[in-house]
2 protein chains.
Amino acid sequence: MTGAFGSDHPIGVAVLGMGNVGAEVVRIILNNAEDLRQRVGAPLVLRGVAVRRLDIDRGIPAELLTTDARALVTRDDVDLVVEVMGGIDPARELIGAALNAGKSVVTANKALLADYTGELAAAAENSRADLYFEAAVAGAIPVVRPLIQSLSGDRVNRVVGIVNGTTNFILSAMDETGADYGQMLADAQRLGYAEADPTADVEGYDAAAKAAILASLAFHTRVTAADVYREGISKITAEDLETAAAVGCTVKLLAICERVPGQPSADEGGKDRISVRVYPALIPRKHPLSAVTGAFNAVVVEAENAGRLMFYGQGAGGAPTASAVMGDLVMAARNKFFGGRAPGESVYAELPIAPIGDTPTRYHVNLQVADRTGVLQAVAGEFAQHGVSISTVRQEGSDAGARLVVVTHHASESALADTVAALAELESVTSVTSVLRLEGTEE
Amino acid sequence: MTGAFGSDHPIGVAVLGMGNVGAEVVRIILNNAEDLRQRVGAPLVLRGVAVRRLDIDRGIPAELLTTDARALVTRDDVDLVVEVMGGIDPARELIGAALNAGKSVVTANKALLADYTGELAAAAENSRADLYFEAAVAGAIPVVRPLIQSLSGDRVNRVVGIVNGTTNFILSAMDETGADYGQMLADAQRLGYAEADPTADVEGYDAAAKAAILASLAFHTRVTAADVYREGISKITAEDLETAAAVGCTVKLLAICERVPGQPSADEGGKDRISVRVYPALIPRKHPLSAVTGAFNAVVVEAENAGRLMFYGQGAGGAPTASAVMGDLVMAARNKFFGGRAPGESVYAELPIAPIGDTPTRYHVNLQVADRTGVLQAVAGEFAQHGVSISTVRQEGSDAGARLVVVTHHASESALADTVAALAELESVTSVTSVLRLEGTEE
């Protein structure tokens, strides 16, 4: 079967950016031409690669390189544009121009998608082009396509993922070695797992962008980075990991997208809400995400009929990310050839975002207290007074008095914050050493 | 955007079979009409359900039920057919009739696909209809779509999966309890995890059908059940699991699809070959598949650029399998509505099947030997003489002499078989207690 193109008519590809991912995409297009031709139905031909500088030998014919990305994306012989340059500008404008000119776009740009999917999807819809972005979340791991397609007949209730390799590398190393955050960040930087300015990773911005994308897909609702509650890992201490280990847990930076069932009496008339949040949390060592160490990523999806699914693999790196880009590229090329279309943005559900204060989680509260009778009673009293139910308490003697570790049942963040404020006022409490959320338990 | 249909024009669905999966599919179509309409772009309307008997109350309007499946699949108001009746006949003929009439088909029928994908895909191609089958392998776990689409720009080298829940339940229970095969099979039957006639599961036929499907997709080559080397678990003993545990392993029924790199000097002119096999094997407890217990399934895919991916979830059951069916149904309905097409069969690579005798694996050989000096030397001599290199030997005293456990490096099945035959002839070897393959190690 042939479509809009004859079977010898090549499909032209432009690549924007030739960093780690772009270089791998270019290599695969050039080296695997015959396999790609068979899988698409027509040859994929690289028309050009937009780079910032022409004076670097990139191992490909010089005539393929250009600094004029704007001209490249609208060339007549370009049908598909791969954007792997990253950042908002000029990627946003270039993708828009490509889509407006009817070119389909494959992008790995999570920061852009987290804020501008609506704008880009509308441009794609107007010109009947495709916008694919499997590589934007969790690198090589297929999770975008399963959410959009495989689970399109199910109802997703929760997506929980380890979607940032840098922070997972640091937390895994802290867990294994007992070293503190600063040391392991330095290690990660030396090994190339963290950037010189690590803010986007360690403060959770990268994970928050991915959480926004995952939540949008899971709940058929437009979620942007601003809707995501975010805390990073820079305040996690060696002692936090030690305390976690003592209760059979480890600490992971989690991206959590959750359906919060509507209450018939509530303002929203009983409509479900969604909670999207990124923060470091304790998870039990028997939870499947706890075994995801180093720079690996994993995403757990819980759906009404499918139950719990888990997807695991390499979440970053040139070749793994290029694998996801190439899968999208082949599908976009097939659509050009056979006349199909990728599913567009689906935001019909328009579920409201639940504020973090309304989102109940369990907490793990670590207190330094005076070593005398009556302290436990006083502490327990504050929890009870603020409506926070205690699950377990563990008391340990120490040089400077005693340590109390309180694990709560589900409580709202506001109730917990009030409790912590009140505890800090107690004469018998020396300090509230740490407050960490606990995720991944059954109750 | 609207396609061949107006946006109020319903898309008609026929369901063949109302067992566990069919009943869930029908429930979802009837109960989730609004979500499905939003996701498809047009209403999905259930036109009828083909059943064998009309005299059972199935909780849906009686006028939806029919025993005339043949008439149902070709009705003018049916656009999509879901086949969840199972078995070769009459499913094969009904799916063929539906496809010939231009209806797209979603099926969960692994036995049928393992033998007749070629025939069915050709019928789909001829009438420009879709054939979807995510539910045929590993229930709710998206693995078919990732292989066909997400990895379409990559080169898959290996797929290893636990794809049969019945045998995994039995082996996990044997591992946990130390009980023997017969006892755990009876348990599985009592709990509904195994059928009264368990042959298809325990002898590996079900896993072999799934292996054929996975290999076809992974290697762009038509692989049928007859191409799959198959051994079941009915000969696995409590002692096998005990021996496995002693060397830090457990026993799993694995479906293995492997690219065997071509040798330039070989008959096939250096072309890669593929090995597809199902058998129980030892795997190390630290291997991710070893943690997959009970009725769960998992599939590990290794690709050149993506690296190692793992997909995990519920591999069977009404609702999980229905989730996969519904995802396919929504995508097939969208194609009807927007005019797209599912990727067809891709068999261009036509890689030859490597015979099992040529497929090197590691072996774990358990021998009962006389307890006297010189035995180890004699045994080692037989391995050496047949070109099978030994990795480790462990000797244990026992009442009836001594036990030798030999773990080999990679060896061909024929070399190993010759070794075992020779060992059995040795005067100092009382018996070859068991020979099990070892998978999932690095070397």
Side-chain angles (χ1 to χ4, degrees), chain A residues 1 3 24 28 32 35-36 38-40 125 128 134 139-142 144-146 149-155 220 288 291 298 301 303-314 317-320 322-331 334-335 338-344 346 348-349, chain B residues 1 3 24 28 32 35-36 38-40 125 128 134 139-142 144-146 149-155 220 288 291 298 301 303-314 317-320 322-331 334-335 338-344 346 348-349:
Chain A
M1 172 182 171
E24 291 292 327
I28 296 168
N32 297 5
D35 273 329
L36 292 170
Q38 292 282 0
R39 295 176 190 186
V40 169
E125 184 66 25
R128 308 172 67 106
E134 180 66 71
I141 311 170
V144 168
R145 183 169 276 107
Q149 299 192 24
S150 309
L151 291 161
S152 61
D154 207 334
R155 181 186 177 86
H220 298 267
V301 178
E304 192 168 285
N305 297 306
R308 185 193 267 188
L309 302 168
M310 178 160 145
F311 306 82
Y312 171 88
Q314 295 188 57
S323 172
V325 166
M326 290 305 304
D328 281 352
L329 191 63
V330 168
M331 298 321 292
R334 288 184 56 92
N335 287 344
F338 290 109
R341 283 286 307 283
S346 173
Y348 73 90
Chain B
M1 172 181 173
E24 292 291 328
I28 295 167
N32 297 2
D35 273 330
L36 292 169
Q38 292 282 0
R39 295 175 190 187
V40 169
E125 185 66 26
R128 307 172 69 106
E134 181 65 71
I141 310 171
V144 168
R145 184 169 275 107
Q149 299 193 23
S150 309
L151 290 162
S152 61
D154 207 334
R155 180 186 176 85
H220 298 269
V301 178
E304 193 169 284
N305 296 307
R308 185 192 267 187
L309 301 169
M310 178 160 145
F311 306 83
Y312 170 87
Q314 294 188 59
S323 172
V325 167
M326 291 305 304
D328 281 352
L329 192 63
V330 169
M331 298 321 292
R334 287 184 57 91
N335 287 344
F338 290 109
R341 285 286 306 283
S346 173
Y348 73 89

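In what follows, chains are A, B, ... by sequence order, proteins preceding strands, each numbered from 1. Keep in mind that what you see is a predicted model, and the values were worked out from it rather than measured.
When each of B:Ala140, B:Ala319, B:Ala342 is checked for heavy-atom pairs under 4.5 Å with chain A, B:Ala319 comes out on top. The choice from A:Pro343, A:Ala298, A:Gly344 that makes the most heavy-atom pairs within less than 4.5 Å of chain B is A:Pro343. Put simply, of A:Gly340, A:Ser346, A:Ser150, the one with the most heavy-atom pairs under 4.5 Å next to chain B is A:Ser150. The candidate from B:Gln38, B:Met331, B:Glu134, B:Arg39 with the greatest count of non-hydrogen atom pairs under 4.5 Å with chain A is B:Arg39. Of the residues considered (A:Gly318, A:Ala324, A:Gly307, A:Ala306), A:Ala306 shows the highest number of contacts with chain B, using heavy-atom pairs under 4.5 Å. Residue with the most contacts toward chain B among A:Gln314, A:His220, A:Glu24: A:His220 (heavy-atom pairs, distance under 4.5 Å). Most heavy-atom pairs under 4.5 Å with chain B: of the set A:Gly139, A:Pro142, A:Gly313, A:Ala322, this distinction falls to A:Pro142.
With rounding to the nearest 0.5 angstrom, the OG atom of A:Ser152 is 8.0 Å from the CG atom of B:Asp328. Note that the CD atom of A:Gln149 and the CD atom of B:Gln149 stand 4.5 Å from one another [nearest 0.5 Å]. Atom-to-atom distance recorded for B:Leu151:CG and A:Met326:CE is 12.0 Å, nearest 0.5 angstrom.
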(message) Apply side chain to side chain contact (heavy atoms under 4.5 Å, CB included) to residues A:Arg155 and B:Asn32 and explain how you reach the verdict.
(response) CA-CA 9 Å; A:Arg155 181 186 177 86; B:Asn32 297 2; 5.5 Å; no
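Only the side chain of B:Arg334 comes within contact range of chain A, judged by heavy atoms closer than 4.5 Å. For B:Ile28, the part lying near chain A is the side chain, with the backbone staying farther off; criterion is any non-hydrogen pair under 4.5 Å. Contact annotation for B:Leu329: neither backbone nor side-chain heavy atoms come within less than 4.5 Å of a heavy atom of chain A. No part of B:Pro288 comes within reach of chain A, as not one of its non-hydrogen atoms sits under 4.5 angstrom from that chain.
B:Arg145 is listed as a side-chain neighbour of A:Arg145, based on a closest heavy-atom distance under 4.5 Å.
A:Arg308 and B:Tyr312 are not linked by any side-chain donor-acceptor pair at a separation below 3.5 angstrom, with hydrogens and angles left out of the test. Looking at A:Asn305 and B:Ser323, their side chains never bring a donor and an acceptor atom within 3.5 Å of each other.
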